[in-house]
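Not measured: the values here are computed from a predicted model. Heads up: numbering here begins at 1 and tracks the sequence.
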Amino acid sequence: MMMSVSNNFLRLGVLSALVGMSLGVWMGANQDFVLRPVHAHINLLGFASMMLFGLFYRAFPAAGRGWLPMVHFALSVLGFLILMPSLALMLLQKPVLMPAMIASEIMLVGSMLLFVIIVFMATMKKEPAAV
């Protein structure tokens, strides 16, 4: 059985929350907050955004079908997984992945642009949302 875009986003969202919270606990325990932007990005891009994407696709199941949501998912996940370590390295004064970080930011903006298109397409239809 193929996994739905909604389920994939929801699962990655809760995993991101766990990672983001764990990083926050580690930073607090060590009183070392240099990675706080990574912590914030994991929680906002990973947890909040992915959970909202997943909940949207759950509320509008038809919007989760086709190639557009798959590209949205791929760009979101790939951009997120590249941005987090590259941002961490930059903050640790080792900007060896700076080109990858720039590419990941472009991917994430592209994924949000796709999501805007998907939301507008889904909410302009006369089809009711899931209850």
Side-chain angles (χ1 to χ4, degrees):
M1 176 181 208
M2 190 168 75
M3 300 282 289
S4 73
V5 169
S6 174
N7 288 346
N8 289 338
F9 271 126
L10 291 171
R11 289 174 177 166
L12 288 171
V14 295
L15 289 173
S16 296
L18 183 61
V19 171
M21 293 172 105
S22 298
L23 177 57
V25 169
W26 179 87
M27 289 187 309
N30 289 288
Q31 292 296 295
D32 181 354
F33 300 101
V34 72
L35 294 178
R36 68 184 172 273
V38 176
H39 166 72
H41 280 76
I42 290 171
N43 286 320
L44 290 173
L45 289 174
F47 174 60
S49 292
M50 291 198 194
M51 290 297 291
L52 288 172
F53 296 154
L55 292 172
F56 170 80
Y57 287 120
R58 183 63 49 96
F60 293 87
R65 295 188 204 102
W67 65 271
L68 209 55
M70 295 301 168
V71 174
H72 172 230
F73 179 76
L75 283 174
S76 296
V77 173
L78 193 58
F80 176 74
L81 291 176
I82 293 170
L83 180 60
M84 294 310 106
S86 58
L87 178 59
L89 287 170
M90 185 198 71
L91 293 167
L92 295 170
Q93 306 300 314
K94 297 174 181 150
V96 294
L97 296 178
M98 188 61 73
M101 187 169 96
I102 294 166
S104 72
E105 291 167 343
I106 293 167
M107 284 183 229
L108 289 166
V109 171
S111 79
M112 185 54 75
L113 176 60
L114 284 177
F115 188 60
V116 167
I117 292 167
I118 292 165
V119 168
F120 272 78
M121 287 172 45
T123 57
M124 288 173 44
K125 293 179 182 176
K126 300 280 185 201
E127 184 179 321
V131 179

>> Applying side chain to side chain contact (heavy atoms under 4.5 Å, CB included) to R58 and N7, what does each step give before you reach the verdict?
In response: CA-CA 8 Å; R58 183 63 49 96; N7 288 346; 2.2 Å; yes
List the steps and the verdict of side chain to side chain contact (heavy atoms under 4.5 Å, CB included) for M50 and L15.
-> CA-CA 10 Å; M50 291 198 194; L15 289 173; over 6 Å; no
Practice problem: Please step through side chain to side chain contact (heavy atoms under 4.5 Å, CB included) for the pair M101 and I82, ending with a clear verdict. | Solution: CA-CA 7 Å; M101 187 169 96; I82 293 170; over 6 Å; no
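Annotation: the span from L35 atom CG to L89 atom CG amounts to 9.5 Å, rounded to 0.5 Å. Rounded to the nearest 0.5 Å, atoms CZ (R65) and CE (M70) are 10.5 Å apart. The OG atom of S76 lies 6.5 Å from the CG atom of L108; values are rounded to the nearest 0.5 Å. Here the CG-OG distance, from L10 to S4, works out to 7.5 Å after rounding to the nearest 0.5 Å. The CE atom of M112 sits 8.0 Å away from atom CG of L45, with the distance rounded to the nearest 0.5 Å. To the nearest 0.5 Å, atom OG of residue S104 and atom CG of residue L78 are 8.5 Å apart.
H72 places no side-chain N or O within 3.5 Å of a backbone atom of L68 that could act as its donor or acceptor partner. S86 contributes no side-chain N or O that, together with a main-chain N or O of M98, makes up a donor-acceptor pair within less than 3.5 Å.
Taking the six-membered ring for Trp, Y57 and F53 have ring centres at least 6.0 Å apart.
Residue L75 comes nearest to S111 through the heavy atom pair CB-CB, 3.7 Å, listed as atom of the first residue, atom of the second, then distance. In plain terms, the two heavy atoms of A63 and P69 that are nearest each other are O-CG, 3.1 Å.
A single hydrophobic cluster is not seen to contain both L23 and L18; linkage of ILVMFWY side chains at heavy-atom distances under 4.5 Å, directly or through other members, places them apart. At a threshold of 4.5 Å between side-chain heavy atoms, the hydrophobic network of Ile, Leu, Val, Met, Phe, Trp and Tyr places L114 and L83 in one connected group. Taking hydrophobic clusters as Ile, Leu, Val, Met, Phe, Trp and Tyr residues chained together by side-chain heavy-atom distances below 4.5 Å, L52 does not share a cluster with M21. Hydrophobic clustering (side-chain heavy atoms under 4.5 Å, transitive across Ile, Leu, Val, Met, Phe, Trp, Tyr) groups I117 together with F60. Side-chain heavy atoms closer than 4.5 Å link hydrophobic residues (I, L, V, M, F, W, Y) into clusters, and following such links, possibly through other members, connects F80 to M90.
For the pairing with F115, the ring-ring contact (aromatic ring centres under 6.0 Å, His included) check across F56, F73, F9, F120 returns one residue only, F56.
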